Amino acid sequence: MPELPEVETTRRGIAPVLEGARIRELVVRERRLRWPVPRGLEKRLRQQEITALRRRAKYLLLETTVGTALLHLGMSGSIRIVDPKSAPEKHDHFDIVTTQGDAVRFNDPRRFGSLLWGGADPTKHPLLAKLGPEPLDAGLTAEYLHASSRGRRVSIKQHIMNSHCVVGVGNIYASEALFHAGINPTRAAGRLSLARMHRLVNEIQKVLNSAIKQGGTTLRDYRNGNGKPGYFHQQLAVYELEGTACKICTTPIRRRVQGQRATYYCPDCQT
DNA sequence: ATGCGGACCTGTTAGC
DNA sequence: TGCTAACAGGTCCGCA
């Protein structure tokens, strides 16, 4: 999936056809996503005006005059704008069709994505209520990260990937940010100094902003809302680069598993 | 409260 | 060429 830069790129790609438009209909072909698409969502959304398309963490928030629908891309979800009359392809699970004649079509082979109803105040929805700060907002500071990790024995990589701590730092960018910050991903979160947290926050923001600017990372088959691939892949320093020379010291990059996820790092630069 | 493993799925690729 | 196993961008849940 889609890490945060891909979700943000998607949001920017489809916002122009959704914001200010009216929903003609929601067409659901497969309800069995991460959670079942709620029965009756079609009726709820019909004829509603979309006031905004926002993002919170990796959720897209489709705001209408009667409430907000929540859309998550999971690991393999993607969205494209199509002609609503065009034949759906494999794994095209639903369309949001506007009265303007556009369709936002959701495709997700693994079905880890979701489409849910967030109600009138989506910040109160259980999936959103306890999320940590946005990584690119003022809420993520070194002081916050330092304070939130005291006493925690989890590794710093798992800590920054925990959405209750901070949202939007996925598996690729966690490895990348830790590399640029010179921090060993296995280090206990609770033992990192404030100075190192400053560096880490700075690198998280740099790597995410840079990836957004490049249109997201393309691994395998990711495409943004316009069907164009992202270009950040070319700039990855460690992710999926096991055995290649570290760009700083030429030591071979290593791979290990933390919390059942692959981590890539330089054993010499990251301490 | 924290930390860990398992769960949800399909598709691609590496290895035999 | 074909079969099998490992692995993949997320993140919630339940148990110890």
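In what follows, chains are A, B, ... by sequence order, proteins preceding strands, each numbered from 1. Everything quoted here is computed from the prediction, not taken from an experiment.
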OP1 or OP2 of dT10(B) under 4.0 Å from side-chain N/O of His91(A): no

Answer yes or no as to whether dC9(B) has its base stacked against Phe112(A), where stacking requires a ring-centre separation under 5.5 angstrom and planes under 30 degrees apart. no

Check the phosphate of dT10(B) against Arg111(A), side-chain N and O only, distance under 4.0 Å to OP1 or OP2. Yes or no? yes

Between Arg255(A) and Gly259(A), which is nearer to the 5' end of DNA chain C once each is assigned its nearest nucleotide? Arg255(A)

Under a cut-off of 3.5 Å for both distances of each Watson-Crick or G-U pair, what dot-bracket string does DNA chain B give, using [ ] for crossing pairs and | for inter-strand pairs? .|||||||.|||||||

May I ask you to evaluate whether Lys90(A) reaches the phosphate of dT10(B), defined as a side-chain N or O under 4.0 Å from OP1 or OP2? no

Along DNA chain B (nearest heavy atom to each residue), the more 5'-positioned of Arg150(A) and Gln260(A): Arg150(A)

Does Leu127(A) reach a base, just sugar-phosphate, or nothing at all? Heavy atoms under 4.0 Å. sugar-phosphate

Tell me: CE of Met75(A) to P of dG9(C), nearest whole Å? 5 Å

Figure out the OH/C1' separation between Tyr239(A) and dG10(C), and round it to whole Å. 12 Å

Is any side-chain nitrogen or oxygen of Arg261(A) closer than 4.0 Å to OP1 or OP2 of dG9(C)? yes

Arg34(A) with Asp108(A): basic N within carboxylate O range, under 4.0 Å: no

The residue among Thr10(A), Ile79(A), Thr9(A), Leu73(A) that forms side-chain contact (heavy atoms from CB on, under 4.5 Å) with Pro2(A) is Leu73(A)

Between Asn107(A) and Lys90(A), do the side chains contain a donor N or O and an acceptor N or O under 3.5 Å apart? no

Hey, is the side chain of Arg34(A) poking within less than 4.0 Å of OP1 or OP2 on dC9(B), counting only N and O atoms? no

Using the P atom as the point on both nucleotides, what is the distance between dA6(C) and dG6(B), in whole Å? 14 Å

So, are Glu134(A) and Arg56(A) salt-bridged, with charged N and O less than 4.0 Å apart? yes

From CG of Leu236(A) across to C1' of dG9(C) the rounded distance in Å is 11 Å

Please report the distance, rounded to the nearest Å, between CD in Gln258(A) and P in dC4(B). 11 Å

Non-hydrogen atoms of Thr251(A) and Pro267(A) that approach each other most closely: CG2-CG, 3.8 Å

For atom OH of Tyr264(A) and atom P of dA8(C), their distance in whole Å: 6 Å

How about Arg105(A) and Ser86(A): does a side-chain donor come under 3.5 Å of a side-chain acceptor? yes

Between Glu42(A) and Arg46(A), does any side-chain N to carboxylate O distance fall below 4.0 Å? no

Report the distance from atom CG of Leu70(A) to atom C1' of dT11(C), rounded to the nearest whole Å. 15 Å

For His164(A) and dC12(C), give me the distance from atom NE2 to atom C1', rounded to whole Å. 8 Å

Tell me whether the rings of Phe94(A) and Phe106(A) are parallel (<30°), tilted (30 to 60°) or perpendicular (>60°). parallel

Do any side-chain nitrogens or oxygens of Arg110(A) fall under 4.0 Å of OP1 or OP2 in dA8(C)? no

Whole-Å distance between dT10(B) C1' and Phe106(A) CZ? 13 Å

P spacing across the pair dG3(B) / dG9(C), given as an integer number of angstrom: 22 Å

On the nucleotide dC12(C), are OP1 or OP2 found under 4.0 Å from the side-chain N or O atoms that Ser163(A) carries? yes

